[in-house]
Amino acid sequence: MASDLATHYLDEARRQMRGHKRAGEGAMAQLKDAEFFVTLDPESNSVAILIKHLAGNMRSRFTDFLTSDGEKPDRLRDREFEVNGAITRADVMRWWEEGWAIVLGAVETLKPEDVMRTVTIRGESHTVLQAINRQIAHYAAHVGQIVFLAKHLRSSEWKTLTIPRGKSEEFKMVTPKTSRS
């Protein structure tokens with residue numbers, strides 16, 4: 001029974017992570033190159049900065065996930081919030097893909113018996129379940145910011161990633177689908 005729950009949990013964690021990746025990509029696909037670097041005010045982050053931060057976090061947390069502290073000594077977190085004029089959309093997308101490859105690669109290798117193992121993040125003990133939940137929440141927050149920025153920047157040209165405004169009743173009439181992976 002516990003193994004079944006752990007298997008279900010890992011499947012669901014993978015599904016949610018892939019969903020966050022897909023949502024971010026749906027938003028970024030709508031942006032013009034220059035819009036990756038727009039900030040709404042001096043204290044805001046651009047899409048490029050959010051992705052640089054996510055990629056740094058992903059590399060740190062999920063490299064040697066089960067065996068080393070999730071805050072790697074070579075991570076320079078403050079620099080994740082700096083982007084210079086030489087950075088391109090291709091650089092940003094490379095960071096995105098590299099970060100997700102590390103996360104999904106690490107999570108894919110986990111087995112049900114790993115869910116209650118202990119890992120460390122910034123010297124603090126977490127179960128694998130807690131560590132993954134922490135990251136899912138973190139990634140969801142930043143992907144939400146990416147979607148918000150893209151929607152704001154594209155304005156009337158925005159193509160919704162979910163049910164379009166005013167179409168909820170039509171959606172209810174469609175045959176229910178099984179959960180997406």
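Note that this is a predicted model, so its numbers are computed, not measured. Only this structure's heavy atoms are used, side chains among them; waters, hydrogens and symmetry mates stay out.
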Undergrad: Check Ile121 against Ala131 and note the closest heavy-atom contact, atom names and distance.
TA: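 Closest pair (atom of Ile121, atom of Ala131, distance): CD1-CB, 3.9 Å.
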
Undergrad: Please report the interatomic distance CD(Glu35) to CG(Leu153), rounded to the nearest 0.5 Å.
TA: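 If I round to the nearest 0.5 Å, the distance is 5.0 Å.
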
Undergrad: Any donor and acceptor pair, going by atom type alone, linking the side chain of His142 with main-chain N or O of Ala140 inside 3.5 Å?
TA: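 Not at all, since once roles are kept as given, no pair shorter than 3.5 Å links the two residues.
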
Undergrad: Can you check whether Gln30's main-chain N or O pairs, donor with acceptor, with Arg154's side chain at less than 3.5 Å?
TA: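 Judged by distance alone, yes, a pair lies under 3.5 Å.
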
Undergrad: Taking NZ, NE, NH1 and NH2 as the nitrogens, is one of them in Arg75 or Glu80 under 4.0 Å from a carboxylate oxygen of the other?
TA: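 Looking at Glu80 together with Arg75, the answer is yes, because their closest N to O distance falls below 4.0 Å.
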
Undergrad: Walk me through it: do Trp158 and His152 pass the test side-chain contact (heavy atoms from CB on, under 4.5 Å)?
TA: CA-CA 8 Å; Trp158 173 255; His152 173 79; over 6 Å; no

Undergrad: Would you mind checking if Lys111 and Asp114 are paired as a salt bridge, meaning a charged N to carboxylate O distance below 4.0 Å?
TA: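 Answer for the salt bridge query: no.
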
Undergrad: Can you name the nearest heavy-atom pair linking Ala23 to Leu161, along with the distance?
TA: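 Closest approach of Ala23 to Leu161: O-CD1, 3.5 Å.
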
Undergrad: For the atom pair CG (Asn57) and CZ (Arg77), what is the distance rounded to the nearest 0.5 Å?
TA: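 Going from the CG atom of Asn57 to the CZ atom of Arg77 covers 8.0 Å.
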
Undergrad: Between Trp100 and Tyr139, is the ring centre distance below 6.0 Å?
TA: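 Between Tyr139 and Trp100, which both carry aromatic rings, the centre distance is below 6.0 Å.
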
Undergrad: Take Thr160 and Arg165, measure what side-chain contact (heavy atoms from CB on, under 4.5 Å) needs, and give me the verdict at the end.
TA: CA-CA 8 Å; Thr160 189; Arg165 204 175 274 188; over 6 Å; no

Undergrad: To the nearest 0.5 Å, tell me how far Arg122 CZ sits from Ser60 OG.
TA: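 It comes to 8.0 Å.
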
Undergrad: Would you mind checking if Arg61 and Asp69 are paired as a salt bridge, meaning a charged N to carboxylate O distance below 4.0 Å?
TA: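 Not counted as a salt bridge, because no side-chain N and carboxylate O are separated by less than 4.0 Å.
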
Undergrad: Counting N and O atoms only, with roles assigned by atom type, does the side chain of Lys52 sit under 3.5 Å from a partner on the main chain of Glu82, one being a donor and the other an acceptor?
TA: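 Confirmed, Lys52 side chain pairs with Glu82 backbone.
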
Undergrad: Would you call Asn45 and His53 a side-chain contact if the rule is heavy atoms closer than 4.5 Å?
TA: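 With C-beta onward as the side chain, the pair stays apart.
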
Undergrad: Checking side-chain contact (heavy atoms from CB on, under 4.5 Å) against Val128, which of Arg117, Glu113, Met116 comes through?
TA: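 When side-chain contact (heavy atoms from CB on, under 4.5 Å) is applied between Val128 and each of Arg117, Glu113, Met116, only Arg117 qualifies.
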
Undergrad: Would you say CZ of Arg79 has more than 12 non-hydrogen atoms from neighbouring residues, nucleotides or ligands within 6.0 angstrom?
TA: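 12 or below, so no.
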
Undergrad: Does any donor atom in the side chain of Asp4 or Tyr9 lie under 3.5 Å from an acceptor atom in the other side chain?
TA: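 On atom types as modelled, these side chains do not qualify, holding no pair under 3.5 Å.
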
Undergrad: Yes or no on side-chain contact (heavy atoms from CB on, under 4.5 Å) for Arg59 and Glu98, after CA distance, side-chain angles and deciding distance?
TA: CA-CA 8 Å; Arg59 183 194 63 79; Glu98 289 172 353; over 6 Å; no

Undergrad: Taking all non-hydrogen atoms of both residues into account, name the closest pair between Thr7 and Pro112 and its distance.
TA: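 That would be OG1-CG, 3.1 Å.
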
Undergrad: Would you say Gln16's side chain and Ala13's backbone share a donor-acceptor pair under 3.5 angstrom?
TA: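 Judged by distance alone, no pair lies under 3.5 Å.
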
Undergrad: Please indicate whether Lys21 has more than 12 foreign heavy atoms, meaning atoms of other residues, nucleotides or ligands, lying under 6.0 Å from its NZ.
TA: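 Yes, enclosed.
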
Undergrad: Just wondering, do Thr39 and Leu149 contact through their side chains at under 4.5 Å, heavy atoms?
TA: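 A side-chain contact under 4.5 Å is absent here.
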
Undergrad: Within the side chain of Thr127, is there an N or O that forms a donor-acceptor pair under 3.5 Å with the backbone of Gln130?
TA: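 Looks like yes, one N/O pair under 3.5 Å.
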
Undergrad: I need the Ile51 CD1 to Trp95 CH2 distance, nearest 0.5 Å.
TA: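 If I round to the nearest 0.5 Å, the distance is 8.5 Å.
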
Undergrad: More than 12 foreign heavy atoms under 6.0 Å from NZ of Lys159: is that the case here?
TA: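 No, not enclosed.
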
Undergrad: Run Ser46 and Val38 through side-chain contact (heavy atoms from CB on, under 4.5 Å) and show every step you take.
TA: CA-CA 5 Å; Ser46 66; Val38 172; 5.8 Å; no

Undergrad: Side chains of Phe36 and Leu50: does their closest heavy-atom pair fall under 4.5 Å?
TA: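 Answer no - side chains too far apart.
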
Undergrad: Are the ring centres of His138 and His20 closer than 6.0 Å?
TA: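 No, too far apart.
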
Undergrad: Please name the pair of heavy atoms, one in Val92 and one in Ala48, separated by the smallest distance, quoted to 0.1 Å.
TA: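 Taking Val92 first and Ala48 second, the nearest heavy atoms are CG2-CB, 3.7 Å.
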
Undergrad: Is any side-chain heavy atom of Phe62 closer than 4.5 Å to a side-chain heavy atom of Leu104?
TA: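 Side chain of Phe62 against side chain of Leu104, heavy atoms only: no contact under 4.5 Å found.
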
Undergrad: Below 4.0 angstrom, N of the basic side chain to O of the carboxylate: do Arg14 and Glu108 qualify?
TA: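 Glu108 and Arg14: salt-bridged.
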
Undergrad: Sub-3.5 Å donor-acceptor pair from the side chain of Asp41 to the main-chain atoms of Ser44, do we have one?
TA: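 Confirmed, Asp41 side chain pairs with Ser44 backbone.
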
Undergrad: Any side-chain to backbone donor/acceptor pair from Asp33 onto Arg89? Under 3.5 Å, distance only.
TA: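 Pair absent, no side-chain N/O of Asp33 close to backbone of Arg89.
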
Undergrad: Any chance you could measure Leu54, atom CG, to Gln135, atom CD, to the nearest 0.5 Å?
TA: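 Leu54 CG to Gln135 CD: 9.5 Å, rounded to 0.5 Å.
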
Undergrad: A quick test of your reading: do over 12 heavy atoms of other residues, nucleotides or ligands sit less than 6.0 Å from CZ of Phe81?
TA: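 Counting neighbours around CZ of Phe81, more than 12 heavy atoms of other residues, nucleotides or ligands fall under 6.0 Å, so yes.
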
Undergrad: For a side-chain contact (heavy atoms from CB on, under 4.5 Å) with Phe65, tell me which candidate from Thr109, Ile132, Val107 qualifies.
TA: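 Between Phe65 and the candidates, side-chain contact (heavy atoms from CB on, under 4.5 Å) is satisfied uniquely by Ile132.
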
Undergrad: Distance-only, no hydrogens or angles: does the Thr88 side chain make a donor-acceptor pair with backbone N or O of Asp91 under 3.5 Å?
TA: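 Side chain of Thr88 to backbone of Asp91, a donor-acceptor pair under 3.5 Å: yes, one is there.
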
Undergrad: When rounded to the nearest 0.5 angstrom, what is the spacing between CE in Met17 and CD in Glu12?
TA: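 Rounded to the nearest 0.5 Å, the CE-CD separation comes to 11.0 Å.
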
